[in-house]
Amino acid sequence: MTKKKILQVCAIDASVYSLLKPLIIRSMDKGYEVHNACTNTGRFESLESQGLTMVDIPIDRRIHPVKNLKSIWKLYRLMKIEKYDIVHVHTPIAALLGRIAAKLAGIQNIIYTAHGFYFHEEMSKRKYRLFFNIEKYAAKWMTDWLLLQSKEDYELALKNNFKTPAKTIHLSNGVDIWNKFNPEKILLSEINELTRELNLTESDIVFSFIGRLVKEKGIFELIEAFKRVVEKYPQCKLIIIGVLPTSERDQESYKRLSEQLVHPNIQAIGYRKDIPQLMAISDTFILPSHREGLPRSIIEAMAMAKPIIATNIRGCREEVFPDENGILFEKGNIDSLEGAMSLLAANESLRLRYSLRSRELVEELFDEEKVLTKQIQLFNRITSS
């Protein structure tokens, strides 16, 4: 029996590595042949060594007519040759180009997973309306199944008739909460090793952040708020995990950060693979982003039973429940962020209560197994009809 074929499309291989790999591997385990088209930024060799089939198609993450047309043409040729049963697209620009190519190639089943709609609250009304309409009509005319990670996006799509309710699915998001992100799986030796590496003591109160080191992630507000907090609570430490991608437009942030990160209680440790262990040694996780889809970093921290401080924006407020597992503050408000950090720094019992609730909520709402099962069931339904 010939295997059914799926093409996964995203902008860069980092998305395959960090976001799509569990779905790809699960699809392969269920008997599908899966190809993955994106830009090779250096991870292809690693992904191919894990059994993934990678296709290098340069996809610019910005609107660039000439480059975008070249991407569409290459995707179209690939689809015509391989005759995929399903094309599944991700990330805003790649998703739009992939759907245009799929329509031109006559693909019968086009799935778009919106990890967070491109339009957002920070845009001007004119720009918001432009991208709102692009998303809406691309969903209506070039998408067979619309999957939304954010519940707010799901409700917005239904309200504005992006697709029929029957073809619109609230997917949610999730991580491996039983094996990888599970406090019970972390070894004491791993904790001790990290504690020594980061020069932490038992009395330290550790705040952590994971993300790109750019302005829209709220990194400058975080540093300013922390510097105020540490004046009152000198035992506080801040661990910053992440880098500025070489392709990032916001290079000015990097220059400013290099000056502001010089502080004895702040450690910027760059890109790391040991996120569960780093969460295990943290007391509170902070994500002060200006915009998000449905952030995995918060889910990872919740799975590791951590209190959360995050901005009151789409995505974050679906994961953080005030006075249950954390605190929401208004975007860009340094005073409110400082207040939230000070409250948790001063109150160990509150941190413990939030920690326990985080783990309960993640088991209920953000189990990767449930998210993968929902997608595989859709693939099976499509390919068996």
Side-chain angles (χ1 to χ4, degrees), residues 186 188-245 248 250-290 297-298 300-301 304-311 326-327 329 331-352 354-355:
I186 304 300
L188 180 60
S189 60
E190 295 175 317
I191 298 293
N192 291 337
E193 184 178 343
L194 262 182
T195 299
R196 286 193 296 270
E197 177 192 340
L198 300 175
N199 197 28
L200 300 175
T201 67
E202 194 172 328
S203 62
D204 287 337
I205 299 170
V206 180
F207 294 96
S208 60
F209 162 90
I210 302 172
R212 291 177 299 124
L213 305 188
V214 294
K215 182 170 65 175
E216 70 176 24
K217 287 293 184 180
I219 188 67
F220 295 106
E221 296 98 286
L222 173 58
I223 292 171
E224 176 59 31
F226 176 76
K227 288 179 178 178
R228 295 181 190 177
V229 170
V230 83
E231 290 179 2
K232 297 177 287 185
Y233 304 98
Q235 72 274 35
C236 288
K237 300 290 177 65
L238 175 62
I239 307 297
I240 296 176
I241 307 156
V243 296
L244 181 72
E248 182 58 57
D250 191 6
Q251 294 292 325
E252 184 60 32
S253 292
Y254 187 80
K255 296 175 184 177
R256 288 176 58 195
L257 273 174
S258 62
E259 300 170 0
Q260 296 193 23
L261 287 173
V262 181
H263 188 282
N265 289 44
I266 299 176
Q267 293 193 59
I269 61 175
Y271 172 78
R272 302 284 292 230
K273 293 183 179 180
D274 54 344
I275 300 301
Q277 291 76 15
L278 286 163
M279 289 297 98
I281 65 167
S282 301
D283 294 288
T284 297
F285 179 75
I286 305 176
L287 188 65
S289 286
H290 298 180
S297 58
I298 289 180
E300 292 170 354
M304 294 303 297
K306 300 301 166 183
I308 312 296
I309 298 173
T311 32
I327 302 170
F329 71 97
K331 177 183 66 182
N333 190 322
I334 297 174
D335 292 338
S336 294
L337 177 54
E338 176 195 353
M341 294 173 73
S342 295
L343 176 63
L344 290 179
N347 197 327
E348 184 177 359
S349 63
L350 185 62
R351 293 200 306 268
L352 177 60
Y354 286 174
S355 295

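For clarity, every value in this text was computed on a predicted model and none was experimentally measured.
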Is there a salt bridge (Lys or Arg N to Asp or Glu O under 4.0 Å) between Glu338 and Lys232 once you walk through the steps? CA-CA 11 Å; Glu338 176 195 353; Lys232 297 177 287 185; 3.2 Å; yes
Set out, in order, the CA-CA distance, both residues' side-chain angles and the distance that settles side-chain contact (heavy atoms from CB on, under 4.5 Å) for Arg272 and Leu278, then state yes or no. CA-CA 9 Å; Arg272 302 284 292 230; Leu278 286 163; 3.8 Å; yes
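- Between Gly270 and Ile241, the shortest heavy-atom contact is O-CG2, 3.5 Å.
- Put simply, the side chain of Leu352 does not reach to within 4.5 Å of the side chain of Leu350, judged on heavy atoms.
- Side-chain contact of Thr195 with Asn192: a donor-acceptor pair under 3.5 Å is absent, judged by distance alone.
- Looking at heavy atoms from C-beta onward, Leu261 lies in side-chain contact with Ile240 at the 4.5 angstrom threshold.
- Heavy atoms only, all atoms of each residue included: Ala280 and Met304 are closest at CB-CE, 4.0 Å.
- At a threshold of 4.5 Å between non-hydrogen side-chain atoms, the residues Leu222 and Leu238 count as touching.
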Please determine whether side-chain contact (heavy atoms from CB on, under 4.5 Å) holds for the pair Lys331 and Phe329, giving the CA-CA distance in whole Å, both sets of side-chain angles, and the decisive distance to 0.1 Å. CA-CA 6 Å; Lys331 177 183 66 182; Phe329 71 97; over 6 Å; no
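- Atoms CG and CD1, on Leu200 and Ile281 in that order, are 5.0 Å from each other to the nearest 0.5 Å.
- For the pair Lys237 and Ile205, the minimum side-chain heavy-atom distance is 4.5 Å or more.
- For the pair Ser208 and Met279, the minimum side-chain heavy-atom distance is below 4.5 Å.
- Between Lys215 and Phe220 the shortest side-chain heavy-atom distance falls below 4.5 Å.
- Shown here for Leu344 and Pro307, the closest heavy-atom pair between the two residues is CD1-CB, 4.2 Å.
- Qualifying side-chain contact (heavy atoms from CB on, under 4.5 Å) partners for Ser297, counting only residues two or more places apart in sequence or in other chains: Ile210, Phe285, Leu287, Pro295.
- Taking every heavy atom of both residues into account, Gly242 and Leu213 meet most closely at O-CD1, 3.5 Å.
- Side-chain contact between Phe226 and Ile286 is absent, with no heavy atoms from C-beta onward closer than 4.5 Å.
- Checked against salt bridge (Lys or Arg N to Asp or Glu O under 4.0 Å), Lys306 has no partners two or more places apart in sequence or in another chain.
- With a 4.5 Å cut-off on side-chain heavy atoms, Ile219 and Phe209 count as touching.
- In terms of heavy-atom proximity, Cys236 sits nearest to Val229 at SG-CG1, 4.1 Å.
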side-chain contact (heavy atoms from CB on, under 4.5 Å) evaluation trace for Glu224 with Glu221: CA-CA 5 Å; Glu224 176 59 31; Glu221 296 98 286; 5.9 Å; no
Report the C-alpha distance between Ile309 and Met341 in whole Å, list the side-chain angles of each, state the deciding distance to 0.1 Å, and finish with yes or no for side-chain contact (heavy atoms from CB on, under 4.5 Å). CA-CA 8 Å; Ile309 298 173; Met341 294 173 73; 3.9 Å; yes
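- Considering CG of Asn347 and OH of Tyr354, their distance stands at 8.5 Å, rounded to 0.5 Å.
- For Asn333 (side chain) and Ser336 (main-chain N/O), a donor-acceptor pair under 3.5 Å exists by modelled atom type.
- Considering every non-hydrogen atom in both Ala345 and Arg351, the closest pair reads O-NH1, 3.4 Å.
- With rounding to the nearest 0.5 angstrom, the CG atom of Leu343 is 4.5 Å from the CD1 atom of Ile327.
- Taking the side-chain contact (heavy atoms from CB on, under 4.5 Å) definition, one finds that Lys227 meets it with Ile223, Gln260, His263, Ile266, sequence neighbours left out.
- A 6.0 Å sphere centred on CD of Glu197 holds more than 12 heavy atoms belonging to other residues, nucleotides or ligands.
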